[in-house]
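Input: a single structure, listed below in structure tokens.
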Amino acid sequence: MKNNYYLTAIFALIISLTSCSSSDSETKSDIMSSKTWVIESKMLSPTINYGTIEITDIMVLEPEETRNYSFEFKSDGTFVQRDAAGASVFESTWSLNSDNTLLSFGEPIVYNYPVVGEMGFSTIDIISISSSKVVGTVESVFGGENYELTITFI
């Protein structure tokens, strides 16, 4: 009888451990396409000086309209960048590589900054993806200096 009790306890433990595996099979692509994202920050390293002002977040150089853009990563692989009124301002395709470390766009996203000039990117090196935040980096060269732009989507 005691052996049956132990066998039942072990069997119950095994069942409970295997049932604890995540039933949520949401992929990083699913997370990307689950909502409309906005950019919280574009942190620049090294920083740049604009007159007497040190610029760490390049978004301060963007017009209000650009700061209010939203980003839709649709599940069919299409990408739409929208203005504050919801009108499409840019469309392309998007994909994540197999290990979710590189976000690629079919056409580069291009911004024009007063100090830096035109900055475009067609890939973002992904640091993290969660349901509330996506963080990635873009490498760029300006004036012979290498810069890293850390973009945070929320």
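The chain is numbered in sequence order, starting from 1.
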Please list all pairs passing the salt bridge (charged side-chain N to carboxylate O under 4.0 Å, His left out) test where one or both residues lie in residues 82-94, with sequence neighbours left out. Glu72-Arg82

Minimal non-hydrogen separation, [X] against [Y], with atom names:
X     : Y      : value
Glu62 : Thr66  : OE1-CG2, 3.7 Å
Ile31 : Ser130 : CG2-O, 3.3 Å
Ser92 : Gly106 : OG-N, 3.2 Å

Below 30° counts as parallel, above 60° as perpendicular, anything between as tilted: where do the rings of Phe79 and Phe73 land? tilted

[Y] reachable from [X] in the ILVMFWY side-chain graph, under 4.5 Å edges:
X      : Y      : result
Ile127 : Val38  : no
Ile129 : Ile109 : yes
Ile58  : Trp37  : yes
Ile124 : Met59  : yes
Val135 : Met43  : no

Tell me, please, which residues at least two apart from Tyr147 pass ring-ring contact (aromatic ring centres under 6.0 Å, His included). none

For Lys28, what residues pass the salt bridge (charged side-chain N to carboxylate O under 4.0 Å, His left out) criterion, not counting sequence neighbours? none

Roughly how far apart are [X] [atom1] and [Y] [atom2], rounded to 0.5 Å?
X     : Y     : atom1 : atom2 : value
Arg67 : Ile39 : CZ    : CD1   : 12.5 Å
Asp57 : Ser41 : CG    : OG    : 5.5 Å
Lys35 : Phe71 : NZ    : CZ    : 13.0 Å

Run the side chain to side chain contact (heavy atoms under 4.5 Å, CB included) check on Ile48 and Glu145 step by step: do they pass? CA-CA 11 Å; Ile48 56 174; Glu145 186 159 357; over 6 Å; no

Hits for side-chain contact (heavy atoms from CB on, under 4.5 Å) against Ser104, two or more places apart or cross-chain, chain-then-number order -> Ser95, Leu102, Thr123

Under the rule for side-chain contact (heavy atoms from CB on, under 4.5 Å), what residues qualify as partners of Ser75, not counting sequence neighbours? Ser33

Looking at side-chain heavy atoms only, is the closest gap between Glu148 and Val138 below 4.5 Å? no

Does the side chain of Val141 reach to within under 4.5 Å of the side chain of Asn146, using non-hydrogen atoms? yes

Glu40 and Thr152: side chain donor to acceptor below 3.5 Å: no

Atom CD of Glu107: over 12 foreign heavy atoms under 6.0 Å: no

Audit row: Leu149, Leu44, side chain to side chain contact (heavy atoms under 4.5 Å, CB included) steps and yes/no: CA-CA 5 Å; Leu149 188 66; Leu44 191 62; 4.1 Å; yes

Qualifying residues under side-chain hydrogen bond (donor to acceptor under 3.5 Å, both in side chains), relative to Asn100, sequence neighbours excluded: none

Go through it in stages, so that I can follow the logic: the residues are Trp94 and Leu103, the test is side chain to side chain contact (heavy atoms under 4.5 Å, CB included), and I'd like the CA-CA distance, side-chain angles, deciding distance and then a yes or no. CA-CA 7 Å; Trp94 74 280; Leu103 173 61; 3.5 Å; yes

